[in-house]
There are 2 protein chains.
Amino acid sequence: MTDHVLEHGVVGLTLRPVAAAVGTSDRMLVYHFGTRDDLVMAVVLRTEERSIAAIDALPAASGVRAGVNALWRAYQTEPLASGLRVYLQAAATGLLGQEPHRSGARAGGERWVGAIRAYLVRCGVPAERAPRVTALVDSSLYGFHLDLVTDTPDELAQGVDDLAVAAAALADLSLAGRAD
Amino acid sequence: MTDHVLEHGVVGLTLRPVAAAVGTSDRMLVYHFGTRDDLVMAVVLRTEERSIAAIDALPAASGVRAGVNALWRAYQTEPLASGLRVYLQAAATGLLGQEPHRSGARAGGERWVGAIRAYLVRCGVPAERAPRVTALVDSSLYGFHLDLVTDTPDELAQGVDDLAVAAAALADLSLAGRAD
DNA sequence: AGACTTGTGTAGCGGTCGCTACAGAATGAA
DNA sequence: TTCATTCTGTAGCGACCGCTACACAAGTCT
């Protein structure tokens with residue numbers, strides 16, 4: 001089911017088509033998940049797990065700049081590409097903003113950010129500077145991903161590399177002893 | 001109608017409720033706009049216009065860092081808050097990704113980015129560096145806005161200020177004569 | 001005056017939605 | 001065996017969806 005949603009998006013997730021895709025009926029989905037919202041949330045959570053695992057499996061790059069660019073390339077391949085798209089849909093449509101989904105989504109999101117932070121540290125970001133660099137990289141990658149639908153690959157590659165430079169600069173600030 | 005959509009989101013834009021909100025019938029909406037998709041696109045375009053006008057009306061701040069933070073504050077107040085939300089919904093759900101909407105959306109998005117670039121230049125970003133700084137700031141603000149639903153205001157304020165520092169660092173690179 | 005384009009209301013079509021009532025099959029406990 | 005719990009298929013409910021057919025009013029042009 002998660003595969004099907006990753007392919008077709010979460011906004012148009014309706015019981016009957018997804019049930020047919022997995023060889024069962026809408027009746028069964030409601031029986032096992034209770035309600036459609038619960039089903040959506042289960043899919044979102046599983047999507048988060050897969051994405052986190054994909055980031056954890058990423059080999060460390062040499063340096064922050066290379067790491068950010070490698071992260072972006074990973075975001076454009078499966079399973080992260082579809083996973084991020086589903087997560088963005090859920091966040092943009094406000095599905096994640098209302099309880100009880102909000103708590104679960106926040107926990108999953110934090111683990112996701114944690115995976116990115118761990119990766120950036122592996123790439124050489126000093127630990128005490130990692131949270132701030134991570135916040136920048138994480139939200140920026142969200143934005144760049146949204147630009148995928150309109151911008152050209154060239155423009156995006158340029159933009160992401162600028163992000164990498166900026167992230168590296170931010171990481172260097174503490175090493176140079178400068179206050180923020 | 002745009003007001004109503006800005007308030008209720010664009011994902012659940014259905015003819016009858018929005019028609020009732022503006023004192024007409026779904027019959028009339030279809031008559032004037034042709035189809036629902038055309039109506040959605042008209043609303044999105046008008047939303048973009050309003051947002052661009054709001055950015056153009058922003059007073060220049062002293063320095064890149066202050067400018068980015070001021071921009072973020074503007075993004076959290078009307079009309080930019082609702083406008084960005086509608087735009088993000090349209091982008092995340094893939095509505096902007098399919099022709100013929102894609103061309104129009106791309107044009108509107110470029111004008112939006114252009115307004116941000118002009119503002120950043122007013123805040124002191126060197127002109128030759130403005131496109132790269134703008135790409136970073138624009139996409140990052142997208143991402144931070146998505147985090148609004150889960151993160152706390154404190155965390156976000158911290159993250160945006162880090163973005164401001166990074167943008168300033170990126171803007172300074174060319175002044176220092178360093179290659180990117 | 002008569003034809004015609006433009007705008008508006010009423011009613012309803014075919015379809016999909018989430019969800020449920022009901023009956024039956026399978027399975028394990030007594 | 002008998003009973004109870006767990007699972008699954010069929011049918012359908014009421015609501016809403018985008019959209020259209022049709023009748024009719026108000027101009028506008030010839």
Side-chain angles (χ1 to χ4, degrees), chain A residues 1-47 82 85-105 149, chain B residues 1-47 82 85-105 149:
Chain A
M1 255 180 46
T2 301
D3 292 333
H4 183 263
V5 173
L6 284 178
E7 195 170 345
H8 295 81
V10 76
V11 278
L13 195 168
T14 56
L15 295 182
R16 269 173 266 249
V18 74
V22 299
T24 179
S25 68
D26 58 335
R27 168 72 182 75
M28 287 298 94
L29 295 184
V30 174
Y31 176 80
H32 287 295
F33 289 89
T35 179
R36 176 186 170 273
D37 273 343
D38 296 337
L39 186 153
V40 169
M41 215 52 214
V43 169
V44 170
L45 289 180
R46 171 150 298 195
T47 297
S82 302
R85 200 187 54 185
V86 166
Y87 189 79
L88 287 180
Q89 284 187 6
T93 57
L95 191 143
L96 266 46
Q98 44 200 341
E99 296 292 355
H101 302 325
R102 178 171 176 159
S103 312
V149 294
Chain B
M1 255 179 46
T2 301
D3 292 333
H4 184 263
V5 172
L6 283 177
E7 195 170 346
H8 295 83
V10 75
V11 278
L13 195 169
T14 56
L15 295 182
R16 269 172 266 249
V18 74
V22 299
T24 180
S25 68
D26 58 335
R27 168 71 183 74
M28 287 297 94
L29 295 183
V30 175
Y31 178 78
H32 286 296
F33 289 90
T35 178
R36 176 188 170 271
D37 273 343
D38 296 337
L39 186 153
V40 169
M41 215 52 214
V43 170
V44 170
L45 290 181
R46 171 151 298 196
T47 297
S82 304
R85 200 188 54 188
V86 165
Y87 189 79
L88 287 179
Q89 283 187 7
T93 57
L95 191 143
L96 267 45
Q98 45 200 340
E99 296 292 355
H101 302 326
R102 178 171 177 158
S103 311
V149 294

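Below, chains carry the letters A, B, ... as their sequence lines are ordered, and counting in each starts from 1.
Nearest heavy atoms, B:Ala42 versus B:Phe33: CB-CE2, 3.8 Å.
For D:dG9, its base sits under 3.5 Å from the side chain of A:Arg27 at one donor and acceptor pair at least. In the interface, the side chain of B:Asp26 is not paired with the base of D:dC17 through any donor and acceptor atom under 3.5 Å apart.
You'll find that the side chain of A:Val30 is closest to C:dT20, out of C:dT20, D:dC19, C:dG9. Side-chain proximity of A:Arg36 to D:dG9, C:dC19, D:dG18: nearest is C:dC19.
Taking CD from A:Gln89 and CG from A:Leu96, the interatomic distance works out to 11.5 Å, rounded to the nearest 0.5 Å. Note: B:His32 NE2 to B:Met28 CE = 6.0 Å, rounded to the nearest 0.5 Å. Rounding to the nearest 0.5 Å gives a distance of 9.5 Å between CZ of B:Arg46 and CG of B:Asp3.
When the side-chain nitrogen and oxygen atoms of B:Ser25 are compared with OP1 and OP2 of C:dT10, none of them lie within a distance under 4.0 Å. Contact annotation: A:Thr14 side-chain N/O to C:dT16 OP1/OP2 distance is not under 4.0 Å.
Residue pairs meeting the salt bridge (Lys or Arg N to Asp or Glu O under 4.0 Å) criterion with at least one member in residues 12-39 of chain B, sequence neighbours excluded, are B:Arg16-B:Asp26.
Spacing between atom CG of B:Asp38 and atom C1' of D:dC19 amounts to 13 Å, rounded to whole angstrom units. Spacing between atom OH of A:Tyr31 and atom P of D:dT10 amounts to 17 Å, rounded to whole angstrom units. Between the CE atom of A:Met28 and the P atom of D:dT8 there is a distance of 6 Å, rounded to whole Å. Straight-line distance from the CG atom of B:Leu15 to the P atom of D:dT20: 11 Å, rounded to whole Å. The interatomic distance linking A:Leu29 (CG) with D:dC7 (P) rounds to 15 Å, in whole Å.
Within the 4.0 angstrom heavy-atom criterion, no nucleotide atom of any strand lies near B:Leu39. A:Leu13 comes within 4.0 angstrom of the backbone, heavy atoms only, and of no base.
Mapped onto DNA chain D by nearest heavy atom, A:Gly23 and A:Arg16 fall at different nucleotides, with A:Gly23 at the one closer to the 5' end. For the pair A:Gly12 and B:His32, both in contact range of DNA chain C, the more 5′-proximal nearest nucleotide belongs to B:His32.
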